[in-house]
Amino acid sequence: MWRLTTSWRLLRCDRLEQQSHAFHLLDERIQRFIWEAGWTDLRDAQERAIPAIVSGTNDVIIAAATAEGKTEAAFYPALTHALAQLELPLIMYIGPLKALINDQFQRLALLCERLDIPVHPWHGDIGGTIKTRFLKRPEGVLLITPESLEATLCNRGSSVGLIFQRASFFIIDELHAFIGTERGMQLRSQLHRIEAVVGRQVPRIGLSATLGDMNAAGHYLRPLTKTPVQLIVSEGTGRELKVLIKGYEEPLVKQIAEDESEEPVSEIGPGLIAEHMYDVLRGSNNLVFPNSRKNVELYTHRLSRMCEERGVPNEFWPHHGSLSKEIRTEAEAALKSGEVPATGVCTNTLELGIDIGSVKCVVQVGCPPSVASLRQRLGRSGRRKGESAILRGYLVEDEIGPSSPVHTQLRQRTFQTTAMVSLLADKWFEPPSANGKHFSTFIQQLLSFIAQNGGATASQCYYLFCSAGAPFAGIAPKEFTDLLRHLGNKKLVIQDSAGLLLHGSTGEKIVNHYSFYAAFATDEEYRIIAGQKVLGSIPISMMLVPGQFILFAGRTWRIEAVDDDARAIHVTHAGGGVPPPFDSGTGKVHSAVRQRMRLLYDGNAPVDFLDTTANKHISQGRAAYARMELSDRCWTEHGSELIIWTWLGDDVNEALATFFRYGTLQAQADGPCVSILKGALSTNSVLDILNRLKETGPPSIDDLLVDAKALRREKWDWALPDHLLRASYASLNLDLPAAIDWLRCHEFST
DNA sequence: GACCTGCTGCGGGATG
């Protein structure tokens with residue numbers, strides 16, 4: 001028996017040795033570990049990553065689908081490099097989730113024990129003993145979150161040099177989840193600060209799902225470098241994708257319920273959808289994404305009740321951010337176990353990282369938030385060889401009546417979803433936006449750096465954070481001094497007689513509380529107040545301007561004033577104004593999606609992955625589009641409204657609406673268009689204004705947003721001077737150049 | 001207009 005096992009091992013070893021060049025480069029003990037694990041070959045990404053990483057000098061991005069062994073591709077050569085050093089170095093792994101760190105710890109512990117390399121997990125749930133052990137001998141592998149890293153930099157300033165002296169690699173997991181975000185800026189700044197302390201560059205390894213623009217990802221990982229980041233992109237095996245989307249129609253009855261301030265009568269769509277899901281999903285593992293926590297509850301409830309009524313064990317598990325850890329763990333365990341079938345009904349909590357095994361179907365209820373997110377979700381399905389990924393979609397459109405709004409007539413939901421699936425099939429998806437100014441995160445990093453150093457001069461800070469190649473390189477000297485002055489006014493920093501920046505009284509309080517370490521804000525709500533009465537509160541994700549109309553508690557309200565500091569919106573009841581009919585549950589829509597929608601409207605063939613009802617909605621949408629002559633016209637008139645059809649993304653339409661408001665019109669971005677309330681103006685005078693705006697150059701952001709309120713989005717936006725706040729908001733939400741371009745290319749005449 | 005992520009240091013008391 002022993003001999004048999006040995007020869008079997010030797011066989012495998014032979015194959016690895018003959019076919020793999022990279023295998024030889026690994027430490028012998030790691031090689032042996034791989035044979036024993038029963039691997040017969042290395043994956044493509046691993047084969048290419050090992051030689052790139054093992055020398056310990058290069059920055060590398062490994063982009064591959066889930067379950068392609070990215071972690072091993074990074075750690076095996078990094079550990080090999082570590083074993084070859086006289087003194088054991090420190091490999092730093094930074095991950096976005098605690099659950100991911102726990103997973104990786106499990107995966108590494110076995111190997112590292114053999115290699116006699118300590119592995120230290122470090123996040124909020126890890127106890128003091130483990131942390132102290134690491135601090136005594138900071139070597140081996142450290143698995144940490146950006147927040148815990150911030151705490152270390154901030155609170156252990158005097159020993160930061162000692163702790164990170166032997167850092168040999170930064171391994172950043174789920175890189176795509178960091179790019180373009182506050183946390184991403186924080187992380188980049190932290191790596192920069194550590195390198196500044198140890199006085200050398202530490203090779204950075206990014207692990208990522210495939211990104212649209214890999215060069216941009218390289219630039220994110222290491223800006224302005226002479227030796228470019230090595231990109232290792234593994235396409236994986238081209239998987240087949242099966243798609244079926246079913247359409248439903250919601251009858252008009254609910255209009256009768258008008259003016260009852262409560263919810264309209266129960267809707268038919270969700271009931272039918274739940275029944276169909278029950279039939280097709282039972283007996284296998286699946287994930288259902290219904291876009292909101294409320295819908296997760298609704299569908300899980302209906303599906304579980306159906307199991308109960310039919311006397312079968314429950315197979316449907318809810319999973320979202322407001323649920324307790326216990327309930328979430330239960331759902332994850334049910335999905336992972338593989339013993340009985342389980343379907344997770346979830347928000348994007350199950351989109352990232354956590355290992356739940358492969359599922360048969362991914363179900364999307366309503367529009368997907370973006371193509372990128374749809375793609376990420378589909379990555380969970382059909383991961384075994386020979387299996388195809390399956391996407392099922394459910395869409396409800398309202399029955400068309402005599403007074404149906406334009407958006408209903410155009411069947412926008414169906415067109416948007418179809419456009420997104422068609423872009424997905426073309427392998428296109430939204431690139432992460434990298435133009436944000438991120439002044440907010442800069443404030444955090446300044447305060448943290450002051451804590452780390454026990455004070456810093458302004459020029460030291462500017463050089464460290466804002467010079468070429470630094471994390472906040474876009475910030476101009478003038479902006480920096482304006483910011484510092486304002487931080488002084490807010491008592492966040494003070495300058496001592498020698499010119500040293502220190503924490504002010506408020507800064508002290510903020511930095512000394514643990515809530516300081518996260519770079520992102522948690523949702524804040526604004527109260528809606530009519531006279532003395534508080535109507536309720538809503539989370540703000542859109543700038544507000546007095547005079548604007550909003551829909552709340554089933555009625556239309558006119559905004560009279562917005563008080564950012566008191567987080568209050570004062571409104572009066574409005575009789576006539578038409579509120580923007582937002583399609584709930586979707587994120588920002590990219591211009592490419594709107595352009596693809598337009599192609600669909602202009603076409604005439606049925607769509608093969610839509611069922612009969614959904615295809616009927618496509619025909620109806622095309623008929624409405626033709627009736628309004630939208631193929632040739634860029635504006636239409638509907639009662640008191642003038643609609644400008646741009647078929648561009650939300651950032652562009654938002655910029656256009658802002659520009660129109662600057663030109664004294666009452667305008668709002670509204671899906672694929674911008675709608676203008678004519679008020680006392682005639683159609684011709686509105687068109688005149690548009691034509692005039694076309695001639696004027698674009699005004700400054702400050703002029704454009706002079707009346708705009710509720711611009712605060714990021715955590716420390718409250719501490720920004722007005723002009724920097726406007727610049728920051730605009731950088732994240734408005735595409736002014738594209739708006740001006742569009743305007744210049746269009747003519748407004750009757 | 002949706003959703004998600006993360007969090008110190010210290011002291012006191014129980015337990016082995």
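Computed from a predicted structure; not experimentally measured. Below, chains carry the letters A, B, ... as their sequence lines are ordered, and counting in each starts from 1. In what follows, every heavy atom counts, from backbone to side chain, and hydrogens, waters and symmetry copies are set aside.
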With [X] via side chain to side chain contact (heavy atoms under 4.5 Å, CB included) - residues at least two apart:
X       : result
L162(A) : none
D651(A) : K588(A), D735(A)
H176(A) : E174(A), S208(A), A209(A), L211(A), L352(A), Q376(A)

Practice item. Classify every nucleotide of nucleotides 4-9 of chain B by which part a protein heavy atom approaches to under 4.0 Å, writing B for the base, S for the sugar-phosphate alone and - for neither, in 5'-to-3' order. Key: SBBBBS
Exercise for review: Between protein and nucleotides 11-16 of chain B, map the contacts as a letter string: B base, S sugar-phosphate only, - none, heavy atoms under 4.0 Å, written 5' to 3'.
Suggested key: ------
Applying side chain to side chain donor-acceptor pair (under 3.5 Å), name anything that partners [X], two or more places apart in sequence or on another chain.
X       : value
R377(A) : E351(A), Q364(A), S373(A)
H513(A) : S515(A)
E508(A) : N512(A)

Point to revise | Whole-Å gap separating P (dA2(B)) and CZ (R377(A)) | key: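 Going from R377(A) (CZ) to dA2(B) (P), I get 14 Å.
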Review point. Atom CG of D650(A) and atom C1' of dG1(B): how far apart are they, to the nearest Å?
Key: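 About 9 Å, once rounded to whole Å.
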**Study point:** Counterpart residues, salt bridge (Lys or Arg N to Asp or Glu O under 4.0 Å), relative to R328(A) (two or more places apart)
**Key:**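 None.
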Exercise for review: Could you tell me if the ring centre of W122(A) sits under 6.0 Å from that of F105(A)?
Suggested key: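 No, ring centres 6.0 Å or more apart.
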